[in-house]
Amino acid sequence: MNIGFDGKEAVRDKNSLGDYSRRVIETLARGDSSRKCLLYTPGMPRGACMDRIRALHNVEFRLPASQGFHGGLWRAFGITNNLHSDGVQVFHGLCGELPLNIKEAHVPAVVSIHSLDFRKFPKHHNPFERFLLNYKTTRACRNADRIIVPGEAIKEDIMNFYGTDSAKIDVIDSALEGESLEKALFESYSKAIKAFEINKD
(Lines give C-alpha, C1' and ligand atoms only; values in the text may rest on other atoms or scores of the structure.)
Protein backbone atom coordinates (compact mmCIF):
# COMPACT_ATOMS: atom_id res chain seq x y z
CA MET A 1 0.00 0.00 0.00
CA ASN A 2 1.15 3.55 -0.78
CA ILE A 3 0.32 5.94 2.06
CA GLY A 4 0.60 9.72 1.72
CA PHE A 5 1.22 11.95 4.73
CA ASP A 6 1.20 15.66 5.43
CA GLY A 7 4.82 15.66 6.60
CA LYS A 8 5.13 19.26 7.82
CA GLU A 9 5.15 18.54 11.55
CA ALA A 10 7.23 15.37 11.18
CA VAL A 11 9.95 17.42 9.52
CA ARG A 12 9.95 20.61 11.56
CA ASP A 13 8.38 19.96 14.99
CA LYS A 14 10.61 18.45 17.67
CA ASN A 15 7.74 18.33 20.18
CA SER A 16 4.63 16.19 20.64
CA LEU A 17 3.01 16.62 17.21
CA GLY A 18 6.29 15.93 15.48
CA ASP A 19 6.95 12.94 17.70
CA TYR A 20 3.52 11.49 16.91
CA SER A 21 3.99 12.06 13.17
CA ARG A 22 7.41 10.45 13.10
CA ARG A 23 6.24 7.48 15.19
CA VAL A 24 3.34 6.78 12.81
CA ILE A 25 5.53 7.05 9.71
CA GLU A 26 8.35 4.97 11.12
CA THR A 27 5.99 2.30 12.46
CA LEU A 28 4.28 1.86 9.10
CA ALA A 29 7.52 1.96 7.10
CA ARG A 30 9.25 -0.61 9.30
CA GLY A 31 6.17 -2.85 9.52
CA ASP A 32 6.27 -3.84 5.84
CA SER A 33 9.27 -3.19 3.61
CA SER A 34 7.07 -3.28 0.49
CA ARG A 35 4.89 -0.48 1.83
CA LYS A 36 5.67 3.01 0.50
CA CYS A 37 5.30 6.05 2.74
CA LEU A 38 5.28 9.39 0.92
CA LEU A 39 5.84 12.53 2.96
CA TYR A 40 4.53 15.73 1.39
CA THR A 41 6.54 18.56 2.92
CA PRO A 42 7.34 22.15 1.91
CA GLY A 43 11.04 21.58 2.69
CA MET A 44 13.56 18.80 3.10
CA PRO A 45 14.09 17.52 6.66
CA ARG A 46 17.08 18.61 8.67
CA GLY A 47 18.23 17.58 12.12
CA ALA A 48 18.71 14.39 14.07
CA CYS A 49 14.99 13.85 14.75
CA MET A 50 14.51 12.70 11.13
CA ASP A 51 17.64 10.58 10.74
CA ARG A 52 15.95 7.21 11.35
CA ILE A 53 13.13 7.96 8.92
CA ARG A 54 15.45 9.26 6.23
CA ALA A 55 17.40 6.01 6.46
CA LEU A 56 14.34 3.90 5.56
CA HIS A 57 14.33 2.86 1.89
CA ASN A 58 10.53 2.89 1.59
CA VAL A 59 10.07 6.48 2.79
CA GLU A 60 10.07 9.11 0.04
CA PHE A 61 9.76 12.89 0.24
CA ARG A 62 7.61 14.97 -2.08
CA LEU A 63 8.29 18.72 -2.33
CA PRO A 64 6.50 21.49 -4.23
CA ALA A 65 7.29 21.75 -7.91
CA SER A 66 9.42 24.69 -8.99
CA GLN A 67 6.33 26.18 -10.63
CA GLY A 68 3.07 26.63 -8.71
CA PHE A 69 2.08 26.77 -5.05
CA HIS A 70 4.65 26.77 -2.23
CA GLY A 71 4.56 26.68 1.57
CA GLY A 72 1.13 26.77 3.21
CA LEU A 73 -0.69 27.23 -0.09
CA TRP A 74 0.93 24.09 -1.46
CA ARG A 75 -0.14 22.12 1.62
CA ALA A 76 -3.67 23.50 1.33
CA PHE A 77 -4.15 23.07 -2.42
CA GLY A 78 -1.09 21.75 -4.27
CA ILE A 79 -0.50 18.36 -2.62
CA THR A 80 -3.60 16.89 -4.22
CA ASN A 81 -2.15 17.38 -7.70
CA ASN A 82 0.38 14.65 -6.97
CA LEU A 83 -1.61 12.00 -5.12
CA HIS A 84 -2.88 10.08 -8.15
CA SER A 85 0.39 10.19 -10.07
CA ASP A 86 2.18 8.98 -6.92
CA GLY A 87 -0.25 6.06 -6.58
CA VAL A 88 -1.39 7.11 -3.10
CA GLN A 89 -4.11 4.78 -1.83
CA VAL A 90 -4.90 6.62 1.40
CA PHE A 91 -3.84 10.06 2.65
CA HIS A 92 -3.28 10.74 6.36
CA GLY A 93 -3.30 14.28 7.75
CA LEU A 94 -1.27 13.72 10.89
CA CYS A 95 -1.92 16.99 12.72
CA GLY A 96 -5.54 18.05 12.56
CA GLU A 97 -5.85 19.18 8.96
CA LEU A 98 -6.22 17.97 5.39
CA PRO A 99 -5.64 19.72 2.07
CA LEU A 100 -8.69 21.92 1.58
CA ASN A 101 -9.35 20.34 -1.82
CA ILE A 102 -8.75 16.73 -0.72
CA LYS A 103 -12.13 15.68 -2.13
CA GLU A 104 -10.95 16.67 -5.61
CA ALA A 105 -8.07 14.18 -5.31
CA HIS A 106 -10.55 11.26 -5.08
CA VAL A 107 -8.36 9.50 -2.51
CA PRO A 108 -9.54 8.11 0.87
CA ALA A 109 -8.57 10.55 3.64
CA VAL A 110 -7.81 10.08 7.34
CA VAL A 111 -7.06 12.87 9.80
CA SER A 112 -5.61 12.69 13.32
CA ILE A 113 -7.01 15.34 15.67
CA HIS A 114 -5.15 15.67 18.95
CA SER A 115 -6.82 18.55 20.77
CA LEU A 116 -9.63 21.10 20.59
CA ASP A 117 -8.18 23.40 23.25
CA PHE A 118 -8.78 26.39 20.98
CA ARG A 119 -12.52 25.70 21.39
CA LYS A 120 -12.47 24.67 25.04
CA PHE A 121 -10.05 27.35 26.25
CA PRO A 122 -10.47 30.22 23.78
CA LYS A 123 -8.68 32.77 26.00
CA HIS A 124 -5.41 30.93 25.36
CA HIS A 125 -5.58 31.70 21.62
CA ASN A 126 -5.89 34.97 19.72
CA PRO A 127 -9.00 35.51 17.57
CA PHE A 128 -7.26 34.89 14.23
CA GLU A 129 -5.65 31.67 15.49
CA ARG A 130 -9.02 30.44 16.77
CA PHE A 131 -10.68 31.25 13.45
CA LEU A 132 -7.98 29.50 11.42
CA LEU A 133 -7.86 26.38 13.61
CA ASN A 134 -11.64 26.14 13.68
CA TYR A 135 -11.87 26.51 9.90
CA LYS A 136 -9.25 23.82 9.26
CA THR A 137 -10.83 21.46 11.81
CA THR A 138 -14.33 22.00 10.42
CA ARG A 139 -13.15 21.15 6.91
CA ALA A 140 -11.10 18.17 8.10
CA CYS A 141 -14.02 16.68 10.05
CA ARG A 142 -16.29 17.12 7.04
CA ASN A 143 -13.89 15.82 4.39
CA ALA A 144 -12.15 12.97 6.21
CA ASP A 145 -13.41 9.44 5.67
CA ARG A 146 -12.09 8.56 9.15
CA ILE A 147 -10.94 10.62 12.12
CA ILE A 148 -8.33 9.33 14.58
CA VAL A 149 -8.26 10.67 18.15
CA PRO A 150 -6.15 9.71 21.19
CA GLY A 151 -9.01 9.25 23.67
CA GLU A 152 -12.74 9.29 24.37
CA ALA A 153 -12.73 12.88 25.66
CA ILE A 154 -11.55 14.36 22.36
CA LYS A 155 -13.99 12.09 20.53
CA GLU A 156 -16.83 13.60 22.55
CA ASP A 157 -15.52 17.10 21.86
CA ILE A 158 -15.51 16.51 18.10
CA MET A 159 -19.03 15.12 18.22
CA ASN A 160 -20.28 18.07 20.29
CA PHE A 161 -18.46 20.92 18.55
CA TYR A 162 -18.70 19.69 14.95
CA GLY A 163 -21.71 17.37 14.93
CA THR A 164 -19.57 14.47 13.71
CA ASP A 165 -21.06 10.98 13.78
CA SER A 166 -19.35 8.88 16.47
CA ALA A 167 -19.14 5.96 14.02
CA LYS A 168 -16.69 7.98 11.91
CA ILE A 169 -14.17 8.38 14.76
CA ASP A 170 -11.51 5.84 15.78
CA VAL A 171 -9.88 6.05 19.20
CA ILE A 172 -6.21 5.03 19.03
CA ASP A 173 -4.37 5.41 22.33
CA SER A 174 -1.41 7.76 21.95
CA ALA A 175 0.73 5.32 23.95
CA LEU A 176 0.42 2.52 21.36
CA GLU A 177 3.61 1.48 19.59
CA GLY A 178 4.92 -1.18 17.23
CA GLU A 179 2.58 -3.86 15.92
CA SER A 180 -0.33 -2.64 18.07
CA LEU A 181 -0.13 0.84 16.55
CA GLU A 182 0.33 -0.55 13.05
CA LYS A 183 -2.74 -2.77 13.40
CA ALA A 184 -4.89 0.06 14.76
CA LEU A 185 -3.83 2.43 11.98
CA PHE A 186 -4.56 -0.12 9.28
CA GLU A 187 -7.98 -0.83 10.71
CA SER A 188 -8.71 2.90 10.43
CA TYR A 189 -7.28 3.06 6.89
CA SER A 190 -9.39 0.06 5.83
CA LYS A 191 -12.52 1.74 7.19
CA ALA A 192 -11.60 4.94 5.34
CA ILE A 193 -11.19 3.08 2.05
CA LYS A 194 -14.50 1.28 2.55
CA ALA A 195 -16.33 4.54 3.42
CA PHE A 196 -14.74 6.26 0.42
CA GLU A 197 -15.90 3.51 -1.95
CA ILE A 198 -19.42 3.60 -0.54
CA ASN A 199 -19.68 7.39 -0.82
CA LYS A 200 -18.18 7.34 -4.32
CA ASP A 201 -21.00 5.11 -5.51
Side-chain angles (χ1 to χ4, degrees), residues 3-31 37-56 59 61 71-72 75-76 79 90-99 109-126 128-141 144 146-162 164 168-189 192:
I3 309 167
F5 298 97
D6 180 348
K8 183 190 76 168
E9 298 299 338
V11 167
R12 78 173 194 176
D13 185 2
K14 295 182 174 64
N15 299 311
S16 58
L17 289 181
D19 289 340
Y20 169 81
S21 299
R22 289 185 290 273
R23 182 155 48 88
V24 167
I25 295 162
E26 187 174 358
T27 296
L28 292 172
R30 290 188 183 279
C37 296
L38 299 103
L39 276 63
Y40 294 85
T41 170
M44 280 301 291
R46 297 176 181 173
C49 65
M50 286 295 294
D51 285 351
R52 292 194 306 183
I53 289 177
R54 290 187 66 163
L56 296 169
V59 174
F61 295 88
R75 290 180 59 248
I79 288 175
V90 63
F91 184 85
H92 188 168
L94 292 163
C95 298
E97 58 185 293
L98 291 166
V110 176
V111 65
S112 291
I113 297 178
H114 307 272
S115 171
L116 293 182
D117 282 356
F118 66 92
R119 292 292 302 261
K120 298 178 71 175
F121 308 105
K123 291 182 179 179
H124 297 170
H125 303 267
N126 67 56
F128 178 74
E129 186 180 25
R130 290 200 308 271
F131 169 81
L132 189 60
L133 288 169
N134 186 59
Y135 178 74
K136 288 180 177 181
T137 305
T138 300
R139 293 289 295 264
C141 287
R146 300 299 298 181
I147 299 169
I148 293 173
V149 298
E152 292 292 339
I154 181 68
K155 178 178 179 178
E156 291 291 330
D157 289 340
I158 290 172
M159 291 163 57
N160 293 333
F161 285 123
Y162 296 102
T164 304
K168 186 178 180 177
I169 306 172
D170 298 320
V171 177
I172 299 181
D173 193 312
S174 57
L176 283 183
E177 295 183 355
E179 290 183 5
S180 297
L181 176 59
E182 182 184 12
K183 179 181 178 182
L185 288 167
F186 259 84
E187 286 178 356
S188 188
Y189 294 166

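Not measured: the values here are computed from a predicted model.
Taking the six-membered ring for Trp and thresholds of 30 and 60 degrees, H92 and Y189 have ring planes more than 60 degrees apart, a perpendicular arrangement. Ring planes of Y20 and H114: perpendicular class, angle over 60° (limits at 30 and 60°).
Distance check: R30 CZ to C37 SG gives 11.5 Å after rounding to the nearest 0.5 Å. Residue K136 holds its NZ atom at 11.5 Å from CG of L98, rounded to the nearest 0.5 Å. In this structure, CG on D117 lies 8.0 Å from CD1 on I154, to the nearest 0.5 angstrom.
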Passes side-chain contact (heavy atoms from CB on, under 4.5 Å), F186 versus V90? Steps please.
CA-CA 10 Å; F186 259 84; V90 63; over 6 Å; no
Is there a side-chain contact (heavy atoms from CB on, under 4.5 Å) between I169 and I113? Walk through the geometry before answering.
CA-CA 10 Å; I169 306 172; I113 297 178; over 6 Å; no
Verdict with reasoning, E9 to L94, per side-chain contact (heavy atoms from CB on, under 4.5 Å):
CA-CA 8 Å; E9 298 299 338; L94 292 163; over 6 Å; no
Start with the C-alpha distance between C95 and D6, add both sets of side-chain angles, then the distance that settles side-chain contact (heavy atoms from CB on, under 4.5 Å), and finish with yes or no.
CA-CA 8 Å; C95 298; D6 180 348; over 6 Å; no
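No donor-acceptor distance shorter than 3.5 angstrom exists from the side chain of N134 to the backbone of R130, with no hydrogens or angles considered. Judged by distance alone, the side chain of K168 and the main-chain N or O of A144 form a donor-acceptor pair under 3.5 Å. In this structure, the side chain of R23 engages the main chain of L176 through a donor-acceptor pair within 3.5 Å.
By the ring-ring contact (aromatic ring centres under 6.0 Å, His included) test, Y162 pairs with no residue at all, sequence neighbours left out. Taking the ring-ring contact (aromatic ring centres under 6.0 Å, His included) definition, one finds that F128 meets it with nothing, sequence neighbours left out.
Contact check for T137 versus R119: no side-chain heavy atoms found under the 4.5 Å cut-off.
Among residue pairs with one or both ends in residues 169-185, those qualifying as side-chain hydrogen bond (donor to acceptor under 3.5 Å, both in side chains) are R35-E182, R146-D170, D170-S188, D170-K191; sequence neighbours excluded.
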